[in-house]
Protein chains: 2
Amino acid sequence: MSTAGRRATIADVARAAGVSTSTASVVFSGKVHVAEATRERVLAAAGELGYAGPDPRAASLRTGRSGIVGVVLGGELRHAFLDPVTTVMMDGLSDALDVASVGLLLLRDDPREDDAPPIADAPIDAVVLIGCSGRARAALDVVRHRGVPVVVIEGDAGDDTPQITLDNQQASARMAQHVFQLGHRDVAVITLPLDAGRERARLTVERLAAGTLDVTLDRLAGFREVFPDAPGMTAAGSLIDEGIIAARALLTDADGALRHDRPTAIVAQSDLLAVGAIRAAEELGLHVPADLTVVGFDGIDADGLGSQRLTTIAQPALAKGRAAGEQITRMLAGEAGESVHFTCTFQDGETSAPPAS
Amino acid sequence: MSTAGRRATIADVARAAGVSTSTASVVFSGKVHVAEATRERVLAAAGELGYAGPDPRAASLRTGRSGIVGVVLGGELRHAFLDPVTTVMMDGLSDALDVASVGLLLLRDDPREDDAPPIADAPIDAVVLIGCSGRARAALDVVRHRGVPVVVIEGDAGDDTPQITLDNQQASARMAQHVFQLGHRDVAVITLPLDAGRERARLTVERLAAGTLDVTLDRLAGFREVFPDAPGMTAAGSLIDEGIIAARALLTDADGALRHDRPTAIVAQSDLLAVGAIRAAEELGLHVPADLTVVGFDGIDADGLGSQRLTTIAQPALAKGRAAGEQITRMLAGEAGESVHFTCTFQDGETSAPPAS
DNA sequence: TTGTACGCGTTATCAG
DNA sequence: CTGATAACGCGTACAA
């Protein structure tokens with residue numbers, strides 16, 4: 001336990017134990033059998049010198065692997081984790097990566113504009129992009145040049161990167177049809193953010209044209225197949241509170257009173273937004289679904305959502321995360337990664353009904 | 001762009017540019033001024049060879065820094081991020097670490113019992129433990145031996161590790177007094193998990209004695225100063241749904257009917273639990289605070305909590321995270337880390353009132 | 001089963 | 001402002 005200046009290295013341990021460094025190395029890695037006697041001698045020497053095992057940095061340089069998988073999330077970290085879909089995907093990812101990886105490295109999407117993207121300086125074996133905008137792609141090139149596998153979940157990767165995708169447009173169209181078939185003609189939509197700016201705003205043609213986030217645009221396109229001219233609000237994020245704000249804007253006048261031409265149905269692009277819309281409706285004295293139909297998207301099972309089963313489109317979030325993990329595992333093994341496409345399933349609930357006549 | 005077998009290294013780039021490797025290195029690190037001409041020559045050579053900048057692994061070995069800070073969270077990852085307090089602390093942490101660090105590495109608390117704790121194999125510059133049980137301490141020793149700074153937030157570190165602490169017991173006592181002074185005598189408590197097992201259960205002396213999570217025990221101790229014999233339920237986590245379940249158990253009979261001897265006040269050890277308790281009460285036809293007082297702990301401002309301002313004890317979660325980050329920064333700079341103690345503030349709300357007479 | 005020798009790709013130091 | 005050199009700490013053929 002008494003080292004002079006330097007910290008003990010594996011070479012010191014080997015010398016103290018009277019073996020070669022390779023033997024000592026093998027004792028720690030456990031890759032080859034060593035005689036029990038020598039093994040113990042090495043361990044004892046290590047204990048005496050206060051050697052804590054191979055330095056991960058050096059091992060990582062040598063093997064070319066760090067065991068770390070980077071996760072780049074769109075928007076701020078705290079926002080990303082407030083979204084149950086993201087959480088569940090991370091869960092699936094972490095699950096599928098379990099064997100070969102030490103942990104997930106959280107990386108920001110939006111580096112300070114001045115300096116290099118952090119992703120380039122991180123010792124990662126692979127990267128998963130989750131719901132990132134185009135900005136992250138520049139950073140990606142650096143990483144890809146280095147031979148680091150990349151998988152994109154619902155982002156605009158464009159090129160030959162394996163992607164995990166969802167039938168957002170078709171699923172949204174199906175949901176819109178459900179609402180249409182119930183008899184609704186005055187329908188409004190609450191969308192997810194249109195771009196990385198994440199601004200709350202009334203949906204307009206111009207704003208729509210400037211949108212960059214594919215998830216939002218695809219879901220909207222499906223909705224528009226059925227309700228081409230429906231009004232809408234864009235939320236600043238997938239949050240209950242945002243749903244409340246957006247729904248209020250859709251249902252009330254400037255003075256806060258219920259509008260006479262209010263929609264009879266609200267199609268939200270996420271379940272959290274839908275829950276917010278329901279809350280706003282209830283605050284305004286509307287009963288769901290008797291007075292107002294509200295439908296969501298995601299099929300999440302989040303904490304404290306309330307007892308009413310939401311009519312929604314369920315997406316296989318866990319499977320998406322797991323698929324990303326599996327593709328990464330394959331690519332780390334030298335095989336080619338493949339894109340995987342998932343489809344959503346309609347999930348009828350208690351929040352949609354024909355309009356009051 | 002045509003490299004034979006190997007990937008290009010900085011040495012290749014230097015050779016191609018007709019400079020020494022050190023010059024090339026300096027061009028990329030930007031630590032020293034280089035003549036614009038040589039700089040461009042190096043960059044050009046790099047572009048031609050498809051060199052993507054210094055390998056983080058090698059740089060990390062050389063400098064002894066990876067720019068990565070490990071975060072060990074109690075329980076499962078997905079649970080940890082459902083807790084707004086944790087999220088906010090991470091936010092503060094990430095904020096304070098911002099300057100010198102690439103990202104946060106999420107590490108599991110509960111390694112498979114067989115293999116080494118992942119924390120030991122990760123190239124991290126420092127570690128933050130958040131609400132971990134004693135199990136994580138073994139892993140800690142390995143890391144500490146290596147000279148990696150460690151900071152513990154609300155965990156039982158015991159030794160000379162800098163800790164970020166909260167006056168859980170005093171704050172809880174203060175809140176209990178508030179409830180007492182309102183006139184409540186039949187009070188029940190909903191606690192956070194007692195140990196890493198996280199089992200839902202009625203609070204008993206035996207279970208209490210076997211508890212290992214300090215946060216829970218300290219808050220309970222404060223409560224018990226005022227209400228020594230109050231009944232209670234232990235939740236499986238800090239979740240709204242758990243609060244609902246626990247409150248139902250406290251308020252109703254086996255057949256689901258409101259008990260005659262139900263408590264007139266419920267003290268929850270977290271705001272989410274309190275929100276759940278309020279929901280359960282409302283489902284049972286009780287009005288808060290007229291029929292039932294419900295108080296929380298944390299002072300969170302989470303998504304979709306509803307409009308009623310909770311009577312609670314606010315803890316400076318952001319400051320806690322930031323303090324952890326600051327201590328780490330200091331320790332990385334070679335200074336000694338210090339423990340930091342925070343105190344909570346009582347925050348009156350609309351969910352506590354005298355009992356119905 | 002153990003030892004020898006080498007290289008992984010970089011950066012700090014110091015001299016010019 | 002640039003160049004030569006020496007570590008950084010380890011894993012792994014290969015030979016014994």
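Throughout, protein chains are lettered first and strands after them, A, B, ... in sequence-line order, and every chain is numbered starting at 1.
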> Between B/E36 and B/A58, who's closer to the 5' end of DNA chain D by nearest nucleotide?
Replying inline: B/E36
> So what does B/T9 hit on the nucleic acid, given a heavy-atom distance under 4.0 Å: a base, only sugar-phosphate, or nothing?
Replying inline: sugar-phosphate
> Checking all strands, does A/T38 fall into the base, sugar-phosphate, or nothing category for heavy-atom contacts under 4.0 angstrom?
Replying inline: sugar-phosphate
Could you tabulate the donor-acceptor pairs under 3.5 Å formed by side-chain atoms of residues 22-35 of chain B, not counting sequence neighbours?
from: B/S22; atom 1: OG; to: B/S20; atom 2: OG; distance (Å): 3.0
from: B/T23; atom 1: OG1; to: B/S20; atom 2: OG; distance (Å): 3.2
from: B/S29; atom 1: OG; to: B/K31; atom 2: N; distance (Å): 3.4

> First and last nucleotide of DNA chain C in contact with chain B, 5' to 3', at under 4.0 Å to a heavy atom: what are they?
Replying inline: C/dG9 to C/dA12
>> For A/D125 and B/R57: C-alpha separation, side-chain torsions, deciding distance, then whether salt bridge (charged side-chain N to carboxylate O under 4.0 Å, His left out) applies.
In response: CA-CA 10 Å; A/D125 293 345; B/R57 283 179 251 273; 3.2 Å; yes
> Which residues pass the salt bridge (charged side-chain N to carboxylate O under 4.0 Å, His left out) test with B/E40, sequence neighbours left out?
Replying inline: none
>> Starting the side chain at C-beta, find the nucleotide from D/dG9, D/dG11, D/dC8 nearest to A/T63.
In response: D/dG11
>> I want to verify a distance call: between D/dG3, D/dT2, D/dC10, whose nearest atom is closest to the B/V19 side chain?
In response: D/dG3
Rounded distance (Å) that lies between atom [atom2] of [N] and atom [atom1] of [X]:
{"X": "B/H33", "N": "D/dG3", "atom1": "NE2", "atom2": "P", "result": "18 Å"}
{"X": "B/R41", "N": "D/dG3", "atom1": "CZ", "atom2": "P", "result": "8 Å"}
{"X": "B/R15", "N": "D/dA4", "atom1": "CZ", "atom2": "C1'", "result": "15 Å"}
{"X": "B/L61", "N": "D/dA6", "atom1": "CG", "atom2": "C1'", "result": "13 Å"}
{"X": "A/F28", "N": "D/dT12", "atom1": "CZ", "atom2": "P", "result": "15 Å"}
{"X": "A/R7", "N": "D/dC8", "atom1": "CZ", "atom2": "P", "result": "13 Å"}
{"X": "B/D125", "N": "D/dC8", "atom1": "CG", "atom2": "C1'", "result": "15 Å"}

> Does CZ belonging to B/R41 count more than 12 external heavy atoms closer than 6.0 Å?
Replying inline: yes
> Do B/T21 and D/dA4 have a side chain to base donor-acceptor pair shorter than 3.5 Å?
Replying inline: no
>> Testing the 3.5 Å rule here: is there a donor-acceptor pair between the side chains of A/R144 and A/T161?
In response: yes
> Under 3.5 Å, side chain of B/R330 to main-chain N/O of B/A336, donor-acceptor pair present?
Replying inline: yes
> Would you find a donor on one side and an acceptor on the other, under 3.5 Å apart, between the side chain of B/R7 and the backbone of A/H145?
Replying inline: yes
